[in-house]
Every structure is written in structure tokens, then in C-alpha cells.
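I have placed the structure first, in the form of C-alpha cells, so that the comments after it can refer back to it.
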Amino acid sequence: MNIAKEMIDKQAKLEADLATYHSHCEEVSKYVIPRLDEFFNSKKTPGEKRTQYQYDSTAPLALDRFASIIESLIVPRGQLWHGLEPEDEALQDDHEAMVWYEKVRNYLFKLRYGADSNFAPQMNEVFSSMGAFGTGVLITEERANKWMRYKSSHIKEHFFQENSDGIIDSNWRKYELTARQAIQKFGDNVSEAIKKAYEKEPNRKFPFLHCVIPNSDRKPYMLGPSSMAFSSFHIDVEGKMLVQSPGGYRKFPFIVARYVTSPNEIYGRSPAMTALAEIKMLNQMRKTDIKARHLAVDPPNLAANEASIRKFNLKPNAMNYGTLDMAGNPLVRPYQTGARFDSSNDANQESRKMINDIFLVTLFQILIESPEMTATEVLARQQEKGDLLSPIGGRLENEFSGKLIEREIDVMAAAGLFDDDGPLPMPKSVRDSGGAYSINYTSPMARYRMSGEAAGAEKTIQSLIPIAQIDPTVYDMIDFAEYAKIIAKAAGAPMRIMRSMEEVKAMQQQKAEAQQMAMLSQAAPAIAGSVKDLAQAEAALR
């Protein structure tokens, strides 16, 4: 079986099926993100002008803000936007295990945001692609003796397939390399055309194909690619040959972010697609508006006939003789269109607001425009945002953040970081449970959702304060330790500031013993007096 030819034919079929989607993306890119306007023409000159369709910058600016908003909600820089917890609930009271999971999380963030990983700058590119085309792709590649390298990729390069559960598990990535890059990456195992170009035209580009599909013949008990969950093939398209031995991945290396999907569609649909009609109309209105304003500011001049006036000078302070009739009326007048620009401005502003609404920009101006709010009002606003953003956030956490973390943890485990001689030796209790973990999201998006629970707890405590002044026993109904956990979790407090249950119980026991000793100390004089009185009474009786 010729694997190279089979993969090339499959990719060609998938590309033909995506012609309509690419056409849609091409139209979006012209108005929203022209730097990615390469769906049907990859031979464009670097640096050439691509904004000839734009007469208004509202949509590009809204897309930039949308990408920043999503990044700040899902993977904010400078914040620990997720945690790790044991899947076994019995371990959640094991302080050693919980601290280890937190150490793993902290170490992962250190690697992820390291200088060579390229994670932070690529996130904005991924979410920009998602906001424009509905789908963004992050490539995660392992490097020998180094942490992974993250790279955003143009959606035009990728041709996906889903499994029966609606999860993307196959990808044919068609990309280009120069002859020099191909030789550097694959050595001499390339076509003769590439070898010849390397000598004379090293910057000439050639198409390649990277195919990652589920390994249907997986043998988990063996070593090497055959044990991997996914098979990997690198193919020289023009030479129709494998340029690298078949490899594999334990976890899918392409992390896909999709905004929303329609039934029976694999690729996402974006805010830009939703707003495309409004974006095109706003650009057309601005184009017409520019012409109308130009006509109003610099209008054509009207004259009765050419013979009635001499040479006409439009310079400031110029004298134009013979341009008035006997009654003093001008023989030349500017043309007045009577256009009303206030109506035009209102229509433009309405379109801009709608575009910003679709890109979620106006949703995040609430706190900025209303800075004077109480803590309760802030929690209510956050809960409202959480309710509105929950569908988007849930999809991104499940499909993007979750898959990314699973891939990263797998790479850490394969690199031996959790071995006994590694930097993060796994505790015996965690190893006995299989090392299973669950992801606890602590991003602003997650805290927006949790703010409802925190707001409810806070409101309950506030409501009990006046009642407790009459009947203090009402506080007996509240588990304040659990209340503290809810508030700390909603606020994103680190695990290390919280004491273990063993420490809490020990402190409570010490306090109880101290209180008992204090009571005995206070009662000692009275007890001593009573004993003395009893002794005197007994002596008197004798």
C-alpha cells in the first residue's frame, strides 16, 4: 500500500469539500483580518497592501479586542488559570497529595511560559483566528531535551475529521517549506526536485503534508510508534513519498479552538461571520459617506455658461472679476447636495455598536463604565457575565484548555518528571490511585461561573447578621470552614494558603484544651476555698 499517495488523495478530497468554507473565510479576511487573506492565493508578496476593501476599522479593532478578551478569560497571562486535583475523592483530604498536584501545576506553568516555549504570543493568534474564521489551531511539538514548542497555524492548512463523539481526532496539514528548510528538517530523504532546488533556488517553496490519524493497529504493550494512540506521516506532496519514518503521538498534538459549530459541521463559525453583513454594510456606508463629505467640503461649481465668466480662481483671497450680475448675484455657485451627516453618523454608530456587541466588546465595558459599585454588585455583574459566556467558555475549556493540559501532562510524564528521581516525585498515595487527575479551572471565566455560588453564600451571611443579634445560635447552621472554601475557590486563592483538615483539627483540639485549662485556672481559687471550708467544717464536727 502506498501510504503517501493514499494520504495525498484523501487530503485533496477534503480540500475540495472545504471550498465553500474557504470562500466564506476569504470574504471575512478581506474585511476583518486581511493579513490572513491567503485561502486561494498563497503567492502574495510579503508586505503588500491588503486593506483595499476596508473603509472602516471597527471590525479589525473589535477582533483584536475579542482575542484579548478571550485570552484574558481563558488563559490570562500572569495568572494560574487552572489547577489539578486527584480524581479519587478520598485523596482530596490527603494534604501531601493535594500539595503535589499544586506543585505539578506550578511546574507546568513555569515550563509553559518559559522563554523558548512561545506559548503566550501564540494564544492571541489562535483566538484571533477563532474570532475571524470560527476555528483556531495550536500545534504542540515535543523537542528533544526541551519543553514543547507552541505554534499557531493558519486554518487554511488544516483538514480535520471528527470521531463518533464529535471530537477532532484526525488532521491532514498541508504546509510549505523552502528547499533549504526541507533539507534541514528531513535531510536527503526528499525528492530530487527539492535537492536540485537546494543547490540553485534554496528559497523556492514546496508543498508537504503532515497526517495525524488514530492508530487503528495500536499495540500498547510494544515500544515505538506502534504503541502510540495516533500515527504520524510526513509526506513530500510533489515527490509523492514519505520523507520521514512513520511516527506517532500519545495525545493529539493539534489543539483546536472552535467558537460555535452548526450541526453536521466540523469547522466553527465565528463572530465575524455573524457580523459579516453589518461589517460590509458599514464599510459601504463609510465609502459613500466619504464621497458625500468630499462633495460637501469641495463641491463642484455651477455656472450659467462658459462665456459669462472669465478665468475662475479658487485660491483664498483671490479676486474673480465678472462673477456677479448687475443685481450682485453670483454667476458661479457651489453645488449643495443637502446631505445630512447627522443621520449618517447615527447609522454608522448603530452599526459599530452591533459589531462590538457581536464581538463581546460592549459586554466588558460594564465595569469600566460603572466603577463605583459595591462588592455585591460586582459579584452580580460577574455572575451575569458568567451566565452569558458560559456556553463559549464551556466549549473552550473542554475542547481547547482541557486537551492542551492533557497533552502537556502526558509529555511531562513521558519525560520522567514524576519518577522518584525526577523533580516532581509522585507520592505513594497518588501512584497507588494510578496518578489520575481532574482539571480545576481557576480562570476568570471559571470564577465568573463560581461567583454565583460565592454571591449566594455571601448574601446568606449578610442576611443572618441582624438575626444573629437577636439569636446568636442561628450561626450554628453555618459551616464556616466550608464557607471559607467557597470564597477562596471563587477568588482563585492558592491551595498553599489553606491548612489541611488534620492541621485544622489539631488547632481546634489545642484551643479546646487551652480553654479547659483556662477554666480550671479560673475555678482553682474557688475550689481551693471550698476544700478549705470543708476541712474546717469537718474539724469542727470532730
Side-chain angles (χ1 to χ4, degrees), residues 66-67 69-76 79-87 101 104-105 108-109 112 119 122-131 133-140 148 150 152-153 155 158 160-171 212 214 229-230 249-271 360 383 385-412 436-453 489-490 492:
F66 170 85
I69 288 169
I70 296 299
E71 181 181 353
S72 66
L73 288 177
I74 304 298
V75 289
Q79 296 185 35
L80 300 174
W81 41 267
H82 73 84
L84 298 172
E85 296 179 347
E87 195 172 79
Y101 278 103
V104 172
R105 186 271 311 270
L108 173 55
F109 271 87
R112 182 187 288 149
F119 179 82
Q122 295 305 300
M123 286 298 97
N124 194 266
E125 291 294 324
V126 171
F127 294 133
S128 291
S129 176
M130 184 185 74
F133 311 125
T135 307
V137 184
L138 182 70
I139 303 175
T140 58
M148 290 193 302
Y150 304 87
S152 173
S153 182
I155 187 60
H158 298 272
F160 297 118
Q161 282 190 323
E162 290 181 336
N163 62 18
S164 58
D165 295 325
I167 298 172
I168 293 175
D169 66 348
S170 303
N171 180 38
V212 178
F230 297 90
Y249 295 94
R250 296 174 299 277
K251 296 288 184 179
F252 197 58
F254 301 98
I255 314 301
V256 183
R258 295 184 288 184
Y259 190 68
V260 294
T261 55
S262 297
N264 303 319
E265 290 186 354
I266 296 176
Y267 293 80
R269 291 182 178 266
S270 67
L360 308 179
Q383 183 180 357
K385 285 185 182 180
D387 293 340
L388 293 173
L389 296 170
S390 183
I392 303 168
R395 172 183 282 277
L396 288 176
E397 286 178 348
N398 182 52
E399 285 193 347
F400 186 77
S401 302
K403 298 298 180 184
L404 173 63
I405 296 167
E406 289 178 4
R407 166 84 166 134
E408 292 168 327
I409 295 293
D410 176 74
V411 172
M412 292 176 74
Y437 63 90
S438 60
I439 302 170
N440 172 31
Y441 294 105
T442 57
S443 65
M445 176 75 80
R447 290 203 295 272
Y448 282 158
R449 292 196 301 269
M450 290 187 291
S451 62
E453 185 179 29
K489 192 172 184 180

task: In sequence, state the C-alpha distance, the side-chain angles, and the governing distance for Ile255 and Val126, and then conclude on side-chain contact (heavy atoms from CB on, under 4.5 Å).
output: CA-CA 10 Å; Ile255 314 301; Val126 171; over 6 Å; no
- request: Specify the closest pair of heavy atoms between Pro253 and Thr140, including all atoms of both residues, with the distance to one decimal.
  value: O-OG1, 2.8 Å
message: Between His158 and Ser153, do the side chains contain a donor N or O and an acceptor N or O under 3.5 Å apart?
response: yes
- request: Decide yes or no for Val75 and Leu404: does some side-chain heavy atom of the first lie under 4.5 Å from some side-chain heavy atom of the second?
  value: no
- prompt: So which heavy atom on Glu162 is nearest to which on Asp169, and how close?
  reply: C-OD1, 3.8 Å
task: Compare all side-chain heavy atoms of Arg258 with those of Ile266 and state whether any distance is below 4.5 angstrom.
output: yes
- prompt: Does any non-hydrogen side-chain atom of Ile405 lie less than 4.5 Å from one of Arg112?
  reply: yes
field: Smallest separation among heavy atoms of Pro76 and Ser443, with atom names
entry: CD-CB, 4.5 Å
query: Charged N to carboxylate O below 4.0 Å: is that the case for Lys251 and Asp410?
result: no
Close side-chain approach of Met130 and Phe66, heavy atoms under 4.5 Å: yes
message: If I take atom CD1 from residue Ile439 and atom CG from residue Asn398, how far apart are they, to the nearest 0.5 angstrom?
response: 9.5 Å
Test log, rule side-chain contact (heavy atoms from CB on, under 4.5 Å), inputs Tyr267 and Ile155: CA-CA 10 Å; Tyr267 293 80; Ile155 187 60; 4.1 Å; yes
task: Compare all side-chain heavy atoms of Val212 with those of Tyr249 and state whether any distance is below 4.5 angstrom.
output: yes
task: Would you check if the side chain of Asn163 reaches a backbone N or O of Asp165 as a donor-acceptor pair within less than 3.5 Å?
output: yes
Between CZ on residue Arg395 and CD1 on residue Ile74, distance to nearest 0.5 Å: 12.5 Å
query: What distance do Tyr150 atom OH and Gln122 atom CD have between them, rounded to the nearest 0.5 Å?
result: 11.5 Å
Gap separating the CZ atom of Arg250 from the CD atom of Glu406, nearest 0.5 angstrom: 13.5 Å
field: Intermediate values then yes/no, ring pair (Phe, Tyr, Trp, His ring centres under 6.0 Å), Phe400 and Phe127
entry: CA-CA 11 Å; Phe400 186 77; Phe127 294 133; 5.6 Å; yes
- request: Report yes if the side chains of Ile139 and Phe254 come closer than 4.5 Å at any heavy-atom pair, otherwise no.
  value: yes
- prompt: Nearest 0.5 Å, what's the CG-NE2 distance between Leu108 and His82?
  reply: 5.0 Å
message: I want to check something: taking the side chain as every heavy atom from C-beta on, are Val104 and Tyr437 in contact at a cut-off of under 4.5 Å?
response: no
message: Determine whether a donor-acceptor pair (N or O, by modelled atom type, separation under 3.5 Å) exists between the side chain of Tyr259 and the backbone of Gly136.
response: no
message: Rounded to the nearest 0.5 Å, what separates atom NZ in Lys403 from atom CZ in Arg407?
response: 13.0 Å
message: Give me the atom names and distance for the closest heavy-atom approach of Phe252 to Phe230.
response: N-CE1, 3.5 Å
Derivation and outcome, side-chain contact (heavy atoms from CB on, under 4.5 Å), residues Leu138 and Met123: CA-CA 8 Å; Leu138 182 70; Met123 286 298 97; 3.4 Å; yes
message: Checking the side chain of Ser129 only, and the main-chain atoms of Thr135 only, is there a donor and an acceptor separated by less than 3.5 Å?
response: yes
- prompt: Shortest non-hydrogen contact from Tyr101 to Leu84?
  reply: CB-O, 3.3 Å
message: If you compare all heavy atoms of Ile70 against all heavy atoms of Leu396, which two are closest, and at what distance to 0.1 Å?
response: CG2-CD1, 3.8 Å
message: If you define the side chain from C-beta out and look only at heavy atoms, does anything of Gln79 sit under 4.5 Å from Phe109?
response: no
